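Working notes, structure below.
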Amino acid sequence: MCGIVGYIGSEECLPILINGLKKLEYRGYDSSGIALASSNDIEIIKSKGNLKNLENELNSKKYDSNMGIGHTRWATHGIPSVLNAHPHVCCENNIALVHNGIIENYQELKKELKSKGHKFCSETDTEVLVHLVEENIKETTSFREAVEKSLSKVKGSYAITVMNKNEPETLIAARKDSPLVIGSAKDGNFVASDIPAILEKTRNISILDDNEIAILKANSVDFYSNGKKVNKKPIEVTWDLEAAEKGGYEDFMLKEIYEQPKAVKETLRAYLNGKKIDLSFLGLKKVDLKEIDRIFVLACGTSYHAAWVGKLIIEQWANLPVEIDISSEFRYRFPVLSENTLILAVTQSGETADTLAGVKEALNRGQKTLAITNVLGSTITREANGVLLTQAGPEIGVAATKTFTTQISVLYLLALELAKVRGTLSDAEIQKKIEDILTLPAKIEEALSTAEAIEKLAGEYYKKPDFLFLGRGFGLPVALEGALKLKEISYIHAEGCAAGEMKHGPIALIDENCPIVAVANKSKTYAKVVSNIEEVKARGADVIAVISENEKLLKNYLKKYITVPLIDEALSPITTIIPLQLFAYYMAKAKGLNVDQPRNLAKSVTVE
Ligand code: AGP
């Protein structure tokens, strides 16, 4: 997704913008640009591809400016090019604007503006915004009102920052359905798409809400909502900078795989004061779990696989029917739901367009909604009736890892809370399960100790073109997630499949070029998985199995296996996924790929 950074203050602006954009590279982009206010002019420098290209452009000249905006673009309308890169400027070159989101009615706006004489030079939807502001500045008394009037004509999503040559002491930022934060420090004020971009400069952060506008001056920030001035209480961000840097690991993804024991521990700690579950933190105020007679979960990608584990565990512990669907299907088929069906959205970014749209539709129909997300201040945290935050800290790698295991951790506690209010588990049974859950961080540590063996395995397999991942029960969402991890960072085709489905077609894929990864830890369907492994081996398959420690049968039968700690099957996804995350990571490294920013992918899919 696009990245935005803006600054106004007493410091030299350019290095702040470039450094901030670098911290946003993980969001994925294909071009970038900067606008600098300098001696009542606006200088625009843009380039295609990596930020290094922009820096090369900038090095050709000395810039002296205390106000500016920067942008990394992820193309949605118009190919990646310098012309389509942001900032966009109006005809008179006196207004420059950057944007993240999608202007759904840009064609009609463009037609109207063209009829008024505006000339367009890009194929983007964004460019209509800067011409709208230019048009409205003629008819309004202030820059802010011109921006508000322009945005009132817009359908779609936006996070924008705009500057005006004739107001060299003002930056204006605004958002609707696309994240934007404001940072304040003694030497100036900042705007960014995400906190890590400005964390080096300030921890004093205000999260812009939808339809809010921020007016940034060198020494002040004023907020307006629907034309009225409002006060906003900033949050003190506690992330240390390390948390948003690589911390000594080669890649963010590896760092975040190794952060999982701490992330799961912090997440459990947020809801387990002592040994009692308290989900009121941030969230369940308006959702009375006692009234819930069914849950419908919506999510995408990795969050969908975590939601699948949630379905299994809530059904097992709380005896409650749970249906799940991917958000992009849910939002358009919107199933018939009773008023006591809880809509549960699982989304690490809290900004996924399809998941947000499903939640908004549910709210419009009066359904109670609960969100599990990792980002405080994300859109979903202001939309859903209740919020349960994972405490994974910033996940910079595009491939979700620690947010997957922390989402499952929260789902375990939600399942226990439901079991308590519904009386499906006794207090003693709940206490026992809490004790088991509290061992998870240590179990993850144990699973991480197999990294060296997995790196070696990857060295043997990274040239293979296809993989099939098999699992049953709690092993199935793990197999699906393992396949997603492998394909999204190593670009090797991988399919996750219910082991019991093999004979219904996928078994035709088996040959020496399609290794099998089987999730074969101890479970009530373990014997079935063993027979599936025998079936595929009989057809010449090369099998790698994830098995429970002190397992005998498969160790003697298979040459390649990774052991994970023996643990209750229901809790096993938190450990069996670890070797599959590491396998995907080392396969991609063996191929020399960029694991943090895989091609074509973005960290949060804020457009449909
Ligand atoms: C997972 O590794 C991918 N990055 C992607 O599938 C992701 O899980 C999906 O886009 C959902 O994102 P969300 O959790 O922020 O909603």
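Everything quoted here is computed from the prediction, not taken from an experiment. Atoms considered below: every heavy atom in the structure, side chains included; atoms not considered: hydrogens, waters and symmetry mates. Every number for a ligand or one of its atoms is a count from 1 in the order of the listing.
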Sorted by chain and number, sequence neighbours left out, salt bridge (charged side-chain N to carboxylate O under 4.0 Å, His left out) with Lys311 holds for Glu315
Can you list every pair that meets salt bridge (charged side-chain N to carboxylate O under 4.0 Å, His left out) and has a residue in residues 457-481, with sequence neighbours left out?
Glu460-Lys560, Glu481-Lys485
Apply salt bridge (charged side-chain N to carboxylate O under 4.0 Å, His left out) to Arg333 and list each qualifying residue two or more places apart in sequence or on a separate chain.
Glu323, Asp325
Flag the pair Asn521 / Ile547 as yes when at least one side-chain heavy-atom distance between them is below 4.5 Å, and no otherwise.
no
Look at atom CD of Glu452 and say whether more than 12 heavy atoms of other residues, nucleotides or ligands are closer to it than 6.0 Å.
no
Check: every ligand 1 N/O to protein N/O pair under 3.5 Å:
residue: ligand 1; atom: 2 (O); partner: Thr302; partner atom: OG1; Å: 3.3
residue: ligand 1; atom: 2 (O); partner: Ala400; partner atom: N; Å: 2.8
residue: ligand 1; atom: 2 (O); partner: Lys485; partner atom: NZ; Å: 3.0
residue: ligand 1; atom: 2 (O); partner: Glu488; partner atom: OE1; Å: 3.2
residue: ligand 1; atom: 2 (O); partner: Glu488; partner atom: OE2; Å: 2.4
residue: ligand 1; atom: 4 (N); partner: Val398; partner atom: O; Å: 2.9
residue: ligand 1; atom: 8 (O); partner: Thr302; partner atom: N; Å: 3.0
residue: ligand 1; atom: 14 (O); partner: Ser303; partner atom: OG; Å: 2.5
residue: ligand 1; atom: 14 (O); partner: Gln348; partner atom: N; Å: 2.8
residue: ligand 1; atom: 15 (O); partner: Thr347; partner atom: OG1; Å: 3.4
residue: ligand 1; atom: 15 (O); partner: Ser349; partner atom: N; Å: 2.9
residue: ligand 1; atom: 15 (O); partner: Ser349; partner atom: OG; Å: 2.6
residue: ligand 1; atom: 15 (O); partner: Thr352; partner atom: OG1; Å: 3.3
residue: ligand 1; atom: 16 (O); partner: Thr347; partner atom: OG1; Å: 2.7
residue: ligand 1; atom: 16 (O); partner: Thr352; partner atom: OG1; Å: 2.5

Does the side chain of Thr606 pick up a donor-acceptor pair with the side chain of Glu351 at under 3.5 Å?
no
